2 protein chains.
Amino acid sequence: MRTRFTRAEREAQILDAAVAVFTERGYANTSMDAVAERVGVTKPVLYTHFGSKEGLLLACVTQARAQLLEATSQAAMEASGPEDMLRRGTLAFFRFLDDRRGSALVYAESSVTAEAIEDIRAQQTDFIASLLGAADPTADPQRLQGWARVIVGACERLAHWRKQDPSVTAEQATEYLMDLAWQGLGARAGDSGRAR
Amino acid sequence: MRTRFTRAEREAQILDAAVAVFTERGYANTSMDAVAERVGVTKPVLYTHFGSKEGLLLACVTQARAQLLEATSQAAMEASGPEDMLRRGTLAFFRFLDDRRGSALVYAESSVTAEAIEDIRAQQTDFIASLLGAADPTADPQRLQGWARVIVGACERLAHWRKQDPSVTAEQATEYLMDLAWQGLGARAGDSGRAR
DNA sequence: GCGGTAACTTACCACCGGTAACCTGTAGGG
DNA sequence: CCCTACAGGTTACCGGTGGTAAGTTACCGC
């Protein structure tokens with residue numbers, strides 16, 4: 001059997017192993033030796049490829065980041081208008097997380113990963129802000145940024161909710177976000193209060 | 001000078017020192033010896049009081065959690081109606097973070113603290129869901145939970161935005177959230193699109 | 001003052017992230 | 001077909017840190 005591989009091959013192997021081990025044992029509780037053992041090599045190999053434990057984690061997150069933008073922007077492309085775009089993008093986000101159960105947000109433990117995750121949020125925030133800007137060209141950029149951040153934060157929490165309570169469907173989560181983001185609670189509160 | 005203190009006194013001293021050191025150096029980069037030195041004792045003292053490094057962090061977060069509920073619920077009490085309640089509560093949240101610059105969300109590094117922070121979110125989510133339930137008694141509980149989570153996530157992201165860009169005021173952040181949560185984007189997108 | 005207990009220190013261990021030095025399989029030229 | 005150069009890989013080690021067992025000392029009640 002092969003015992004030596006090219007850089008690219010080993011890097012892919014290590015990345016896969018790292019995602020698996022970090023996911024099942026958590027970042028802090030995972031030793032580099034454990035990852036190395038899973039790959040079938042020794043520790044220094046990991047260091048020649050990724051520099052440090054945080055570097056390895058960073059590579060995992062960076063990979064996930066590209067895949068996320070791919071998934072959401074593709075969904076938004078297929079939409080018929082602003083509301084549909086927000087809805088489809090949101091739904092695609094939840095579906096993305098469904099496809100990679102657990103292995104996505106475990107990363108939030110390390111401080112260097114926190115920064116990388118922040119980059120992912122920035123990526124999604126800019127993307128959403130540009131969608132909103134197209135829907136309402138009169139809004140000033142800062143306000144668009146604010147709205148986009150609200151949506152990103154909302155999605156993150158809804159996703160976490162679904163993780164701990166899988167009975168909440170991706171469609172329901174999307175609907176709850178649309179309730180607030182598009183329609184607003186004002187109308188509902190008014191409904192139950194006084195006639196309109 | 002006094003060299004020995006009662007349990008309660010030492011615990012308070014250690015908690016203060018831990019908050020300070022964790023805040024300025026980050027959780028992962030802080031050694032227990034560093035905290036102990038700041039207090040003026042040796043490491044095992046910390047362990048007799050808090051059991052482990054994570055236990056110490058947990059105590060810090062638990063303390064902050066109680067203070068947060070105190071601040072937001074007090075603000076909501078003074079409101080005149082549902083919308084004002086949401087607005088005042090949100091504003092109080094941002095002001096709370098202003099008062100403890102940086103020292104609040106640094107905690108999100110450890111996995112055990114992630115759970116504790118999750119408890120804080122649960123606390124605020126339940127609180128907000130109950131407010132929303134009062135505003136719209138016809139909504140079903142799961143939907144209320146969904147809305148509350150949207151708001152909690154939105155606040156968290158807006159707070160983070162303000163931390164990295166202090167020119168965004170607490171009032172602006174609150175306004176952006178109210179734009180979506182209360183009024184909704186539909187009206188605005190419609191404004192720029194066709195007449196209503 | 002004088003025990004006795006709670007507070008505290010000393011001295012240590014095991015584990016883990018990281019590295020220097022050495023070894024070996026294998027592609028490619030003669 | 002062999003042999004050499006180097007990429008790929010291993011062994012053996014270090015320093016720092018979380019955590020602890022055993023011993024020491026200040027303080028309170030009598």
Side-chain angles (χ1 to χ4, degrees), chain A residues 1-22 24-61 106-107 109-116, chain B residues 1-22 24-61 106-107 109-116:
Chain A
M1 124 182 187
R2 275 179 83 183
T3 61
R4 293 193 176 196
F5 294 85
T6 67
R7 279 193 79 80
E9 286 172 332
R10 270 286 189 242
E11 278 180 13
Q13 290 175 14
I14 295 170
L15 228 57
D16 285 351
V19 167
V21 182
F22 286 156
E24 78 184 33
R25 300 169 54 158
Y27 175 74
N29 294 325
T30 298
S31 72
M32 290 298 266
D33 283 314
V35 177
E37 188 184 3
R38 182 145 187 154
V39 180
V41 296
T42 53
K43 200 169 45 167
V45 174
L46 308 192
Y47 284 88
T48 62
H49 285 275
F50 298 98
S52 68
K53 189 182 182 186
E54 287 193 335
L56 178 55
L57 187 57
L58 194 63
C60 295
V61 175
V106 177
Y107 302 144
E109 293 171 20
S110 156
S111 60
V112 74
T113 307
E115 285 174 32
Chain B
M1 126 182 186
R2 273 178 85 184
T3 60
R4 292 190 179 199
F5 295 84
T6 66
R7 278 193 79 81
E9 285 172 332
R10 270 287 188 242
E11 278 181 12
Q13 290 175 14
I14 295 171
L15 228 57
D16 285 350
V19 168
V21 182
F22 285 156
E24 78 183 33
R25 300 170 53 158
Y27 176 73
N29 294 323
T30 298
S31 71
M32 291 297 267
D33 282 315
V35 176
E37 188 185 3
R38 182 146 186 153
V39 179
V41 296
T42 53
K43 201 168 46 169
V45 174
L46 308 192
Y47 284 87
T48 62
H49 285 275
F50 297 97
S52 68
K53 189 182 181 185
E54 286 193 336
L56 178 55
L57 186 57
L58 194 63
C60 294
V61 175
V106 177
Y107 301 145
E109 292 172 21
S110 158
S111 59
V112 74
T113 309
E115 284 174 33

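Quick note: numbers below take in every heavy atom, side chains included, and nothing from hydrogens, waters or symmetry partners. Worth saying up front: this structure is predicted, and the values here are computed from it rather than measured. Chain naming here is simple, since letters A, B, ... match the order of the sequence lines and numbering starts at 1 in each.
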Remember a base hit wins even if backbone is also touched, and classify Val41(A) as base, sugar-phosphate or nothing at under 4.0 Å, heavy atoms. sugar-phosphate

Assign Ser52(A) to base, sugar-phosphate, or nothing according to its heavy-atom contacts below 4.0 angstrom with the strands shown. sugar-phosphate

Rounded to whole Å, CG of Asp33(A) lies from P of dT11(D) at a distance of 12 Å

Of the listed dG18(C), dT10(D), dG19(D), the closest approach to the Lys53(A) side chain comes from dG18(C)

Nearest whole angstrom, please: distance from the C1' of dC16(C) to the CZ of Arg25(A). 12 Å

Choosing from dG17(C), dG8(D), dT10(D), which nucleotide comes nearest the side chain of Arg4(A)? dG8(D)

Run Met32(A) and Leu56(A) through side chain to side chain contact (heavy atoms under 4.5 Å, CB included) and show every step you take. CA-CA 10 Å; Met32(A) 290 298 266; Leu56(A) 178 55; 4.3 Å; yes

Contact nearer the 5' end of DNA chain D, comparing Thr48(A) with Lys43(A): Thr48(A)

Mind checking if Thr42(A) touches a base, just sugar-phosphate, or nothing, with heavy atoms under 4.0 Å? base

Separation of dG19(D) atom P from Leu56(B) atom CG, nearest Å, is 10 Å

Between dG19(D) (P) and Phe50(B) (CZ): distance, integer Å: 14 Å

Main-chain N/O of Tyr27(B) paired with Lys53(B) side-chain donor or acceptor, under 3.5 Å: yes

Inspect the surroundings of CD in Glu37(B) and state if more than 12 heavy atoms from other residues, nucleotides or ligands are less than 6.0 Å away. no

Measure CD/Glu9(A) against C1'/dG9(D) and give the value in whole Å, please. 15 Å

Rounded to whole Å, the CG-P distance (Asn29(A) to dC15(C)) equals 15 Å

At less than 4.0 Å, is any side-chain N or O atom of Tyr47(B) found next to OP1 or OP2 of dT20(D)? Yes or no. no

In this structure, how many angstroms lie between the P atom of dG9(D) and the CG atom of Leu46(A), rounded? 11 Å

Using side chain to side chain contact (heavy atoms under 4.5 Å, CB included), reason through Phe5(B) and Glu11(B) one step at a time and then give a plain yes or no. CA-CA 9 Å; Phe5(B) 295 84; Glu11(B) 278 181 12; over 6 Å; no

If only side-chain N and O atoms of Arg10(B) are considered, is one of them under 4.0 Å from the OP1 or OP2 phosphate oxygen of dC8(C)? yes

Start with the C-alpha distance between Val39(A) and Arg10(A), add both sets of side-chain angles, then the distance that settles side chain to side chain contact (heavy atoms under 4.5 Å, CB included), and finish with yes or no. CA-CA 9 Å; Val39(A) 180; Arg10(A) 270 286 189 242; 4.2 Å; yes

Nearest to side-chain heavy atoms of Arg7(B), which nucleotide of dA7(C), dG9(D), dC8(C): dA7(C)

Rounded to whole angstroms, how far apart are CD on Glu11(A) and C1' on dA7(D)? 13 Å

Using heavy atoms to find the nearest nucleotide of DNA chain C for Thr6(B) and Pro44(B) separately, return the residue whose nucleotide is more 5′. Thr6(B)

